[in-house]
Amino acid sequence: MSFGTRHTLSSQDDPNRGIGAARDWLFATLQGYAAASGGRLTVEKQSFVQAAGPRIPVPTVITNVIATLRGASEPNRTYVVTGHYDSRVTDVLNSTSDAPGADDDGSGVAVVLELARILSAARQPEATIVFATVAGEEQGLFGSAFMAAQMKAAGTDVQGMISNDIVGSSTADDGTRYKHLVRLFAEGVPTSETASQTSIRQSIGGENDGPSRQLARFIREVSDNGVTGMDVRTIYRRDRYLRSSDHVSFLQQGYPAVRLTEEAENFAHEHQDVRVENGVQFGDLIQFCDFDYIAGVARVNLATFWSLANAPGTPKDVRIDTTQLTNDSTLHWVADTAADLSGYHVVWRESTAPEWERAIPVGNATEVTLDISKDNVQFGVRAVDKKGHHSPAGFPAPG
């Protein structure tokens, strides 16, 4: 909050005010965590020039500050968590007025920083976790779009991404408190779906089984409990009406991605000039943040990313045999090469059920036939390690 404004178009050279000062503080803070990590955490500034457009009047340098905790045994399998550090007021092009951005999205950045601090100080995870504070979100998701595109071009195997955006307040505009409830937005039909994939999905009824929905099921399973103290409410939608966040950039690249946000927003505290009007305080001020609530959201993230990064990866190329008409179901998938792999579970549920209802251990195999009709239920396959940690489910395509 001490930087006055963190607007993407604000000063990049002033040491005390503007997005440049915020960028440098984030970099120094993450470097401090890296220094204490014993070499496990590395930090970089990812900069690019964004061309002029509707919310960027002149070409502008945008910088993401990214810390990477490299996986010990499967470094190529990657999970990403973001918060955006830019802020704004009522006029999206106003780069000079104070824009505290406490909830949107200082709260999400705080979550990312705390995850980086805690996880880099712990033992090294099996897979890689990337902690990213991105810029340019309010101007058009530019920072995350560049980051996601770079990862896609590099062939990075991103198996899950969470955007923490507006996770700082437990109080709605009518004063109602939601101290333990956080929304999880997860699309069903993939944003990146091709015409041929659409045809397959329509034929098998897979609109509720895209990769992001499978990620959401996993998040609820590991984090909606007494340990985190939070109730995770899944919303079957990519994002709220008229809004979007940085997970959309990853969805556009075909990666599983979801968004966490508080249960009921107070829009007088978002995208507003700081002012008092008719006795009402407007503006995204730190006084409206609930730090116990932010800690709860951080625990949801912590449970999720530690569970993802220490379980096997999501099974790849899961198929269900449709070469002939039968009343049973044969599934097959590509073998996981993890050294601590124990085997696999086939999970299934009624087609109308939101969560997996049964898990059937099938050993360390890559094919199984079950006496259950594929026409009646939805299947998935998840990998399990020797400690019982399991992956999100891979949804089968016909083949």
State whether the side chain of [X] and the backbone N or O of [Y] hold a donor-acceptor pair below 3.5 Å, judged by distance alone.
X      : Y      : value
Glu277 : Phe282 : no
Ser391 : Arg382 : no
Thr90  : Asp273 : yes
Asp317 : Val334 : no
Trp333 : Ala365 : yes

Spatial distance of atom [atom1] ([X]) from atom [atom2] ([Y]) [nearest 0.5 Å]:
X      : Y      : atom1 : atom2 : answer
Asp321 : Leu331 : CG    : CG    : 9.0 Å
Leu113 : Leu26  : CG    : CG    : 6.0 Å
Thr133 : Arg23  : OG1   : CZ    : 11.5 Å
Ser170 : Glu263 : OG    : CD    : 11.0 Å
Asn164 : Thr82  : CG    : OG1   : 7.0 Å
Gln12  : Ile19  : CD    : CD1   : 7.0 Å

Hey, are [X] and [Y] close enough for a salt bridge, meaning a charged N less than 4.0 Å from a carboxylate O?
X      : Y      : answer
Arg183 : Asp239 : no
Asp165 : Arg259 : yes
Asp224 : Arg220 : yes
Asp98  : Arg17  : yes
Asp336 : Arg77  : no

Are side-chain N/O atoms of [X] and [Y] paired as donor and acceptor at under 3.5 Å?
X      : Y      : value
Arg319 : His332 : no
Ser10  : Thr5   : no
Gln139 : Asp86  : no
Glu193 : Thr198 : yes
Gln272 : Asp284 : no
His247 : Glu187 : no

[X] atom [atom1]: more than 12 heavy-atom contacts under 6.0 Å:
X      : atom1 : result
Asp91  : CG    : yes
Arg275 : CZ    : yes
Asp174 : CG    : yes
Arg177 : CZ    : yes

Would you kindly confirm whether [X] and [Y] end up in one hydrophobic cluster when ILVMFWY residues are joined by side chain heavy atoms under 4.5 Å apart?
X      : Y      : value
Val384 : Val368 : no
Phe305 : Phe250 : no
Phe218 : Val182 : yes
Leu184 : Tyr293 : yes
Val232 : Tyr79  : yes

Applying side chain to side chain contact (heavy atoms under 4.5 Å, CB included) to Gln50 and Thr8, what does each step give before you reach the verdict? CA-CA 11 Å; Gln50 179 60 46; Thr8 297; over 6 Å; no

Can you check side chain to side chain contact (heavy atoms under 4.5 Å, CB included) on Val189 and Gln202, steps first, answer last? CA-CA 10 Å; Val189 177; Gln202 290 172 337; over 6 Å; no

Go through the steps for Asn94 and Thr96 under the test side chain to side chain contact (heavy atoms under 4.5 Å, CB included), then give the verdict. CA-CA 6 Å; Asn94 181 344; Thr96 58; 3.3 Å; yes

Side-chain heavy atoms of [X] within contact of [Y], under 4.5 Å:
X      : Y      : result
Arg349 : Asp209 : yes
Val158 : Gln253 : no
Ile62  : Phe48  : yes
Ser245 : Glu137 : yes
Asp231 : Tyr178 : no
Phe131 : Leu41  : yes
Asn266 : Ser169 : no
Trp306 : Leu115 : no

Positive for side chain to side chain donor-acceptor pair (under 3.5 Å) with Lys374, one of Thr330, Thr326, Asp328: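 Exactly one pass, corresponding to Thr326.
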
Specify the closest pair of heavy atoms between Gly160 and Leu215, including all atoms of both residues, with the distance to one decimal.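 Residues Gly160 and Leu215, closest heavy atoms: CA-CD2, 3.9 Å.
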
Does the pair Asp290 and Thr171 meet the rule for a side chain to side chain contact (heavy atoms under 4.5 Å, CB included), with working shown? CA-CA 8 Å; Asp290 179 338; Thr171 306; 5.8 Å; no

Does the cation-pi check pass for Lys45 over Phe27, that is, NZ or CZ under 6.0 Å from the six-membered ring centre and within 45° of its axis?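 That pair qualifies as a cation-pi contact.
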
Row check, Tyr236 ring normal vs Arg213 NZ/CZ: under 6.0 Å, within 45°: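 Yes, Arg213 and Tyr236 form such a contact.
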
Could you list the donor-acceptor pairs under 3.5 angstrom formed between side-chain atoms of residues 118-127 and any protein atom two or more places apart in sequence or on another chain?
unit_1: Ser120; atom_1: OG; unit_2: Ala116; atom_2: O; d: 2.6
unit_1: Ser120; atom_1: OG; unit_2: Arg117; atom_2: O; d: 3.4
unit_1: Gln124; atom_1: NE2; unit_2: Arg70; atom_2: O; d: 2.7

